[in-house]
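Below is one structure, written out as structure tokens, with a few remarks after it.
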Amino acid sequence: MAAVHYELIRQCPHTGARAGILHTPHGQVETPVYMPVGTQAVVKAMTSREMAEIGAQIVLANTYHLHLRPGEDLIEKAGGLHGFMAWDKPILTDSGGFQVFSLARLRKMTEEGVRFRNHLDGSELFIGPEEAMAIQQKLGADIIMAFDVCSPWPCEEKDAKRDMERTHRWAARCKKAHSRPDQALFGIVQGGFSKELRIESARTLRDMDFSGYGIGGLSVGEPKDIMYEMLDALMPEMPADKPRYLMGVGTPDCLLEGVARGVDMFDCVLATRIARNGTVLTGEGRLVVRNATYREDFRPLEEGCDCETCQHYTRAYIRHLLKAGEITGARLCSIHNLRYLARLMAGAREAILNDRFPAYLNDFYSRFDMRGAFNRSEETA
RNA sequence: GUGGGUGUAGUUCAGUGGUUAGAGCGCCAGAUUGUGGCUCUGGAAGUCGUGGGUUCAACUCCCAUCACCCACC
């Protein structure tokens with residue numbers, strides 16, 4: 001049996017939403033799931049014990065960043081990422097493909113791979129599909145990602161096609177270089193913002209038979225409507241017996257819209273990033289606890305939340321910590337946001353299992369104030 | 001008491017005759033979607049201690065005065 005396999009438990013009769021279990025060498029993951037991002041082998045400001053308490057089932061780490069520092073050889077000596085991080089639940093490593101995209105000014109890309117001038121000391125390094133696989137196999141995550149080419153928004157169709165085709169060739173090279181049987185390799189769908197390309201990419205990768213499929217190149221600046229259109233087009237082409245992972249999403253509404261279209265896994269830095277800058281997520285919308293209006297607000301961040309932060313601390317106190325630049329302010333907000341997303345996804349799963357996912361989605365929108373928050377579609381519309 | 005110094009945004013300071021007096025920090029707000037982010041962007045905020053005077057023109061020069069600081073009696 002493969003290192004990772006997906007077990008479909010229940011399909012929503014009205015939407016594409018599905019509840020399942022991802023079986024991995026380090027235990028099960030109940031899907032749909034939000035995966036906190038721990039780029040540098042840590043979810044910023046959090047310990048692995050706290051992550052477990054928050055209810056995180058699986059965390060991410062990043063190939064590019066860990067290759068630079070401290071290096072995969074050291075992590076391998078430490079017993080792989082699980083030993084190094086003291087986290088015995090599942091881990092997924094991103095391949096570094098996105099860093100090629102986000103650090104584009106520093107790159108030189110050829111068919112072989114990508115030459116970077118790294119951001120730490122400026123020295124040159126090269127990562128191609130084989131290097132990305134070799135690094136990830138030493139890091140030892142349960143799930144590793146193919147090295148892909150992420151097209152930007154906006155993007156000419158011919159450029160998106162070129163990136164997609166290279167992604168497919170690189171996916172084949174990744175598959176060939178992948179040798180550890182206890183790690184699952186996921187391919188990544190690209191295709192820019194063309195439905196035809198997205199469908200072609202999904203079919204091509206499906207035929208290559210990966211253990212799961214990432215959907216890359218979305219949430220890179222495009223309006224939400226366009227992201228949803230792409231998902232609507234490509235999701236029917238995704239194999240039902242494999243997990244589907246929408247990379248880099250996101251906001252609470254995008255997560256649920258993704259679930260509704262059959263996505264099983266998500267990751268996003270948003271929750272922890274905005275937490276460090278004083279914004280938290282609640283069922284009623286965003287709350288910028290850093291703002292002066294909460295100076296004397298002695299309520300918890302969110303009434304009824306079961307997170308450690310909301311159990312013990314007030315908005316006024318957290319605001320004070322944030323304003324004073326105290327690290328604990330960022331920690332308390334991160335704990336809350338991670339717990340919020342864990343609850344959101346657990347609630348979605350529960351709703352799917354009970355055949356009431358559409359009502360769950362409606363209830364979310366009726367409570368969550370979308371005004372001015374994460375509303376990217378308004379900018380371009 | 002004598003001599004000297006300093007008074008400019010909430011704060012620390014820049015600005016020595018010429019557009020609408022600036023900066024850092026603070027304050028207020030916005031941004032943040034496979035993390036180069038305790039980051040980035042924007043905004044509000046000053047009767048230039050006070051009162052006179054010189055000058056076409058004064059934060060800037062002169063006089064007085066008040067406050068604070070230093071030194072010496």
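Chain letters run A, B, ... following the sequence lines, proteins first, then strands; residues in each count from 1. No hydrogens, no waters, no symmetry mates; every other heavy atom, side chains included, goes into these values.
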- Item | Interatomic distance where CG belongs to A:Leu270 and P belongs to B:G34 [whole Å] | 8 Å
- Whole Å only: how far is the CZ atom of A:Phe266 from the P atom of B:U33? 17 Å
- List for me each residue that meets side chain to side chain contact (heavy atoms under 4.5 Å, CB included) alongside A:Arg162, sequence neighbours excluded, and say none if there are none. A:Asp159
Hey, what are the protein-to-nucleotides 9-11 of chain B N/O distances that come in under 3.5 Å?
none

- Message: At 4.0 Å (heavy atoms only), tell me whether A:Lys44 reaches a base, stays on the sugar-phosphate, or touches nothing.
- Response: base
- Message: Just to verify, what does A:Arg169 make a side-chain hydrogen bond (donor to acceptor under 3.5 Å, both in side chains) with, not counting sequence neighbours?
- Response: A:Glu111
- Message: Test of understanding: with side chain to side chain contact (heavy atoms under 4.5 Å, CB included), list the residues that count as partners of A:Thr47, not counting sequence neighbours.
- Response: A:Arg49, A:Glu50
- Message: At less than 4.0 Å, is any side-chain N or O atom of A:Arg286 found next to OP1 or OP2 of B:A31? Yes or no.
- Response: yes
- Query: Base, sugar-phosphate, or nothing for A:Leu218, non-hydrogen atoms under 4.0 angstrom?
  - Reply: nothing
- Ring centres of A:Phe116 and A:Tyr64 under 6.0 Å apart? yes
- Item | Sequence-distant partners of A:Arg356, salt bridge (charged side-chain N to carboxylate O under 4.0 Å, His left out), two or more places apart | none
- Query: Nearest to the side chain of A:Lys323 - B:U32, B:G34, B:C28?
  - Reply: B:C28
- Under-3.5 Å donor-acceptor pair between A:Thr272 side chain and B:U35 base: yes
- Do any side-chain nitrogens or oxygens of A:Arg276 fall under 4.0 Å of OP1 or OP2 in B:C38? yes
- Against the side chain of A:Arg290, the closest entry in B:G34, B:U33, B:A31 is B:A31
- Query: With A:Glu130, which residues qualify under side-chain hydrogen bond (donor to acceptor under 3.5 Å, both in side chains), at least two apart?
  - Reply: A:Arg173
